[in-house]
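Numbering starts at 1 and runs along the sequence shown. One-based numbering, in listed order, for ligands and for the atoms of each.
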Amino acid sequence: MKSKPTNRRGFLKGGAALAGLAAGAVQSVKAQPPDTFLRPRGTSKEQIAYGERSKYVTSKREPAPGRASPDAFGLAFHIGTPLQDQIGSVTPSALHYVATHRGAFVPEIDPKEHRFMIHGMVDRPLVFTMDELMRFPSVSRFHFIECAGNRARTTHKTVQQTHGLTSNSEWTGVLLSTLLKECGVQSAGTWIVAEGAEEVKGNSSIPMTKALDDCMIAYGQNGEPLRPQQGFPLRLLAPGYEGIFQVKHLRRVKVVDRYYWTYNDYGHRRSEAREAALATVWGPKSVITFPSGGQKVAGPGIYEIRGLAWSGQGAVKTVEISMDGGKSWKAAQLKGPTYKMAHVAFGLQWNWDGKECELQSRCTDDQGSIQPSLPQVAKYWNLPAGKEIRVKGLDNPIHPWKIASDGSVTNGMA
Ligand SMILES: Nc1nc2c(c(=O)[nH]1)N[C@H]1C(S)=C(S)[C@@H](COP(=O)(O)O)O[C@H]1N2
Ligand SMILES: [Mo]
């Protein structure tokens with residue numbers, strides 16, 4: 001009995017703060033005109049068969065800055081997820097970012113015709129149909145993927161521009177280790193090369209240790225088959241590795257005895273670095289999505305600062321938020337379970353006093369790695385600590401957003 005009044009007092013205290021927030025709201029609610037309820041919604045054949053979002057929800061993907069899509073050849077290139085509109089940890093499939101190699105297109109593949117082959121240094125090369133793949137034990141796992149080109153620039157205005165080339169889905173498929181076991185990997189087979197089915201092949205060299213650890217041959221995304229832009233009917237997932245390893249429209253895995261130089265090794269990348277698998281795994285990263293660039297904070301008062309955090313090395317352990325440009329930090333709440341190599345939403349209550357400030361978030365993963373600040377990144381790469389740091393590896397610095405006294409939010413790097 002004793003705990004009850006205490007709880008109630010605590011609740012009322014919080015309630016009083018929120019009542020201030022909603023002052024006058026009760027009087028302003030208008031009676032809904034009856035036709036709002038009667039207007040036929042969701043009754044067309046199409047809407048009954050496959051739903052659609054409310055017409056009032058208009059969040060959309062956008063070509064990444066400086067990367068026209070469709071490009072000069074009418075092909076899709078890099079398209080960013082509207083992270084500022086995301087609710088929770090999972091990206092809606094329809095808003096998943098899309099990255100294609102220049103010159104690649106999204107092929108229309110009939111799953112009945114599709115074949116997946118494992119060959120090379122194996123005892124029994126095998127070719128699988130989609131139906132055969134579905135007979136193997138499946139796994140369902142939440143994983144983010146992120147393009148190596150996901151790097152914030154001073155010229156970027158919104159979080160969709162600074163961080164939109166990462167998304168998070170529940171992927172379903174067969175572990176590559178299950179299929180490799182069927183084929184019998186020979187002892188000399190220390191690498192795999194994975195290949196997509198388009199004209200310009202998507203392909204990647206991946207160490208056998210990774211292939212046998214957690215690589216997945218995925219056919220499902222968020223409860224339905226993969227979207228064409230995500231690699232229908234089959235894609236490789238190498239959790240935590242940069243996007244280019246996540247080969248879409250997967251048709252072939254060859255077991256080989258060394259690193260192979262492929263189309264995916266952009267000219268400026270050293271193959272030795274790739275072999276050491278150093279430039280391939282995302283470190284801990286996070287970004288605040290509210291308030292973020294282009295948004296406006298309505299005025300002084302209570303808000304929830306929100307964002308997303310992830311790491312290619314493991315699960316997110318903690319996220320901290322700074323409201324004073326990195327001088328002091330407070331622990332944010334993680335909104336839901338944390339999975340290895342997956343986004344998790346975070347939040348922290350914020351009582352904005354209406355003064356100019358700078359918000360930052362910092363992620364620490366379960367391997368003990370901490371997301372670095374921009375000056376730390378500059379120091380590591382021996383670059384002048386300026387506003388624009390162009391690192392050679394994967395970019396994961398703490399991102400600042402500036403809040404002006406009128407509530408407008410701008411990129412703190414600018
Ligand atoms: N077959 C194929 N696989 C591919 C690509 C491609 O163009 N073709 N693009 C790669 C790149 S650069 C990235 S970042 C990821 C993006 O995956 P998504 O489009 O599902 O977001 O897929 C990779 N796999
Ligand atoms: Mo990419």
Inset, instruction - Report yes if the distance between the aromatic ring centroids of His343 and Trp310 is under 6.0 Å, otherwise no. - result: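 Yes, the ring of His343 comes within the 6.0 Å limit of the ring of Trp310, centre to centre.
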Which value, rounded to the nearest 0.5 Å, describes the distance between [X] atom [atom1] and [Y] atom [atom2]?
X      : Y      : atom1 : atom2 : result
Thr129 : Glu132 : OG1   : CD    : 3.5 Å
Thr158 : Gln295 : OG1   : CD    : 9.5 Å
Glu356 : Ser408 : CD    : OG    : 9.0 Å
Gln349 : Gln333 : CD    : CD    : 9.0 Å
His163 : Gln84  : NE2   : CD    : 12.5 Å

Could you tell me which atoms of ligand 1, counted from 1 in the order shown, lie closer than 4.0 angstrom to a heavy atom of [X]?
X      : result
Thr100 : 7 (O)
Val247 : 3 (N), 24 (N)
Cys147 : 14 (S)
Gln230 : 18 (P), 19 (O), 20 (O), 21 (O)
Ile145 : 17 (O), 20 (O), 21 (O)

Legend entry - From Arg235, Glu242, Gln229 - option closest to atom 17 (O) of ligand 1 by heavy atom: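 The residue whose heavy atom sits nearest atom 17 (O) of ligand 1 is Arg235.
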Inset, instruction - From atom 1 (N) of ligand 1, work out which of Glu198, His249, Glu195 has a heavy atom at the shortest distance. - result: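 Selected option, by shortest heavy-atom distance: Glu198.
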Does ligand 1 come near enough to [X] that some N or O of the ligand is less than 3.5 Å from an N or O of the residue?
X      : value
Lys248 : yes
Glu146 : no
Tyr97  : yes
Gln246 : yes
Gly196 : no

Inset, instruction - Please name the pair of heavy atoms, one in His249 and one in Phe232, separated by the smallest distance, quoted to 0.1 Å. - result: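 It is ND1-O, 3.1 Å.
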Inset, instruction - Give a yes/no verdict on whether any heavy atom in Arg227 is under 4.0 Å from an atom of ligand 1. - result: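 Outside the 4.0 Å threshold, so no.
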Legend entry - Charged N-O contact under 4.0 Å between Arg251 and Glu195: yes
Legend entry - Aromatic Trp350 / basic Arg306 pairing, under 6.0 angstrom, 45° off normal: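 Not satisfied by the 6.0 Å and 45° rule.
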